Novice: 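Pasting a structure below so you can have a look.
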Amino acid sequence: MKARVHVTLKSGVLDPQGTAIQGALAHLGFEGVQGVRQGKLIELDLAESDPVRGRAVVEEMCRRLLANTVIENYAIEVVP
Amino acid sequence: MKARVHVTLKSGVLDPQGTAIQGALAHLGFEGVQGVRQGKLIELDLAESDPVRGRAVVEEMCRRLLANTVIENYAIEVVP
Amino acid sequence: MRSAVIVFPASNCDRDAETALRDITGRAPHMVWHAEGTFPEVDLIVLPGGFSYGDYLRAGAMAAHSPVMREVVARAGRGVPVLGICNGFQILCESGLLPGALMRNASLKFLGRDVHVRVETSQSLFTSRYAVGAVARMPIAHGDGNYFADDATLDRLEERGQIAFRYCLPDGTVGGAGNPNGARRDIAGIFNETKTVLGLMPHPERAADPLLGGTDGRAMFEGLAEALS
Amino acid sequence: MTLPNAKISPETVAQHGFTPDEYARVLRILDREPTMTELGIFSVMWSEHCSYKSSKKWLRTLPTQAPWVICGPGENAGVIDIGDGDAAIFKMESHNHPSFIEPYQGAATGVGGILRDVFTMGARPVANLNALRFGRPDHPKTRYLVSGVVAGIGGYGNCVGVPTVGGEVNFHPAYDGNILVNAMTVGLARADRIFYSAAAGPGNNVVYVGAKTGRDGIHGATMASAEFTEDSEAKRPTVQVGDPFTEKLLIEACLELMNEDAIVAIQDMGAAGLTSSSVEMAGKGGLGITLHLDRVPMREPGMSPYEIMLSESQERMLMILRPGSEDTARRIFEKWELNFAVIGEVTESGRLILQMDGAVAADLPVGPLVDEAPQYDRPWVATPRRPVVAVGDVPPNPDPLAALERLVGCPDLASRRWVWEQYDSTVMADTVQRPGGDAAVVRVHGKSKGLAITTDCTPRYCQADPVEGGRQAVAETWRNLTAVGARPLAITDNMNFGNPEKPEIMGQFVGCIQGMGEACKALDYPVVSGNVSLYNETEGRAILPTPAIGGVGIIDDVASCVRVAFPAEGQDLVLIGRTEGWLGCSIYLREVFGRETGAPPPVDLAAERRNGDFVRDLILDGLATACHDCSDGGLGVAVAEMAMASGIGARLTLPDGAPRIDAWLFGEDQARYLVTTRDADAVLAGAVAAGVPAARIGTTGGGELTVDGAGAISVDRLRTAHERWFPAWMAGDA
Ligand SMILES: Nc1ncnc2c1ncn2[C@@H]1O[C@H](COP(=O)(O)OP(=O)(O)O)[C@@H](O)[C@H]1O
Ligand SMILES: [Mg+2]
């Protein structure tokens, strides 16, 4: 099965990359961009086929490695 | 409205980060991880409220700035 | 003083740390490959700078899970002093030995230049040879040195005197143009609660030889050698 | 033995870049039609890049010998003896086209490639430099290219932990559609532990190490060829992506293995990866190689022999091991978590035989593949001489110091701090002089001696007069090394030119080589390695001829080197060398009058040598306390740079016999240095004895630069102009 992990910065944490993108978009003439946040997308290809067990494992991966919970949130999407 | 852009490396393009994450997961004892690819997630907050026009603008942003189409693909998701 | 320098895949200041330790303390450190589960008893453990695992995912994240880090965490728990420089600081935060996280520089650019830091306390093994308020010049070379912790954590760090160095101008004025990377409260280096673990972004080991343009980093190693011999 | 029958069409032949004559030669050598894989191999081996077919005749004329040269051109990099059993190994290489397509990855992989050329010979890389040429600053793509290229160079070099210590950056509209990214690496080895690439020992194993092979950068011709269309999306050639993390491991693993007595020959996989590495190893050894392509570590399934052989995946090496040393080697590479595979063996057959899935994909004679590559003596015409611009042809300047402020802040002379601060210049803790001076100085680890390193070229001179420009590029590197107190030893070059099939362009190439050769000879300063990049054109418009030169010199005691900054107030400033006020082709003429005209300053090689040797002695005797050569912008800019670097001003007085003040300040006469000294009389007396022109022109002190007859300007003001342009321009407000 496949899983996708979205890692995003917590809301209180400043996001210089997002801010830079917002500035660059304005520079290019795109109007009405009120906010930009940049995160990570991690796509996993797993041997596991059971979605429940799979999600639990990915959850564990996020806590231990994929996200730094001091600054980041994560969300898991399982694609069976 | 909000839009989310997923920027991923084209297939065939080397993804050193994904490979390194895969190795690290194996070291941590996670078995059966057959592949990892890392991409970007960009969340945009737009003044535009029409989803069709919004998507077209984001499409344009992707082509001009958010993705490097020489090596990356992008996918847009509009959250009205 | 017996010391060990932990070498991770793509550490790249391991030799710099080795050279400074040997020259200043007169004794060559053990160079410990990360895959080793254990290493000789030492008086100081150094996590050197570099790009362990390419800094992929997050700087220091993968190294924090290296087999040797279990041992480092255990010894730190027993009070063995640990010094993390640059990537070493990032690894210390990722492994939970120090609070907070190091994010991309606010400029989004890698920065390689000299900075000035103000010494915030001399009440530690690492800073005993510096006067409080002294200004030290050292090189930085990092893309992810922007220290972040939430306000409560920062307040606690300040209350307990856990802030070791703050970025400043040459005249000692903290912050403003002296802060190269956007670090909160201009933090360049912090201690753990017992002040036996120090993480800092600037490179004292590259400021230990007059021919390289400065010796302000020597006092750290001299102080350690004196306290730990 | 049967080979797959490919039915090669004339289009396929043309797509592989063969002329009909060249293809006829292939048929004659093989006495049959090639397979697709064989065609691909011939195509890359006979490409301009690998065969030097337009340039070889001329490159052969360059001096490559000196008693201190251990290995000249022909190997992965040049090797020189720097005493005490130490050797310096270095080379420069271009990654122009990839950097234009994808600036970050193009520049990053350029750095990776040149690093491999150096550590493949057994050296630990100790310094990187980069010579960059971009289009005009207001071209819509330039900023994007600059920011990507600089980030890519830093991204790679910083991660592998090799300090980036110098380089150059120019802007000119001629590079609008074709930027130049030339990267140089210098490494250190023991002189008796150098590794070469000639295969030896039939029966020895051929070993592949490093990253896996993917479909990166495969020759564009694949797309159209019938054999490869089942899955066109997956087979599309892709841009190479660099993995500096893997490179760092590869450096450490290779150096560790090199400490064992295990390696017979080693070669990095650069352009045309497995093809050029295996063919060159076999060719140099006069032997054959058989490869089993199914044993090659692959990143993607279903790769064809053609793709495997032409892939330009990065961070890979090919080695031939001594019998019985596989286990040692395997253990080391596994420790560093790198792929290790025995993929073939050395044979006596003299043939390159490729097997895959039980079939033979190619069976080629190595000798002809290497030796019978076409060689051309392309027609050329000399560049017409330009008239000399006399001082009287240029209107006098009522405010020379305003012009100076403008010059130090113009795109070609403004501070490059924005660039070099993105590089780690101090890792390895041996960088004695960082970017910002004349040459970088890197100490030999654990010793008191050090290397001085610089890259230079003045393309506008080369355009105006290739012969003078070629001389000047070599002489300027020699001067920059001398100015820190080093003894220049040898150079590497990167010849960037347009389409050599045009006689004018070929004439530029020939002229530059001639001038370079003369300078190398006169200065005892041979070429030990280099690289040629031709066809740098877009829509028929060629770049300026750009023979970038990388120079390396030695300083016996790095503590004796000097810098450009004024060391103190109250010291005398002495100008060494003759000043006529040569304004033709000067930056002053271009920036102030918008004129890119006139003959460039002539280079008197005897004077270069005399003046430089004199200056070096002043430095080593401790008489010169700071030194800077005069190059772009002349004496005025050189003084300003010394002042800005120190924050100390100076008062200048024109000496007797000086030309008009603007020509004195901004003329670009060659072979000149500015030194500060506490004992001007001794310096001047020494100059008389050595037959070197020298004049006391001023004293350091105060916060202003004062020129008698022109007024004063504060050093702060100059510095603001100098530091402002680059960051402001990158931020979009210049
Ligand atoms: N791309 C670059 N990377 C690193 N350093 C650079 C780069 N471009 C210029 N520099 C540094 O800036 C200084 C000035 O460069 P340049 O004007 O070319 O010097 P010079 O005229 O003495 O040859 C030198 O120290 C040079 O190494
Ligand atoms: Mg110079």
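Sequence lines set the chain letters: A, B, ... in the order given, protein chains first and strands last, and positions in each chain run from 1. What you see is a predicted model; the values in this text were computed from it and never measured.
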Novice: Heavy atoms under 4.5 Å from chain B: which residues of residues 82-108 of chain C carry them?
Specialist: none
Novice: Work out which heavy atom in A24(B) is nearest to a heavy atom in M62(C); give both atom names and the distance.
Specialist: CB-SD, 3.5 Å
Novice: Considering residues at least two apart in sequence or located in another chain, which fulfil the salt bridge (charged side-chain N to carboxylate O under 4.0 Å, His left out) criterion with R22(C)?
Specialist: none
Novice: Would you please go through residues 48-57 of chain C and name the residues with a non-hydrogen atom below 4.5 Å from one of chain B, in numerical order?
Specialist: Y56(C), L57(C)
Novice: Is L28(B) in contact with chain C via its backbone, its side chain, both, or neither, using a 4.5 Å heavy-atom distance?
Specialist: side chain
Novice: Under the rule for salt bridge (charged side-chain N to carboxylate O under 4.0 Å, His left out), what residues qualify as partners of D16(C), not counting sequence neighbours?
Specialist: R206(C)
Novice: To the closest 0.5 Å, what do you measure between CZ (R58(C)) and CD (Q17(B))?
Specialist: 11.5 Å
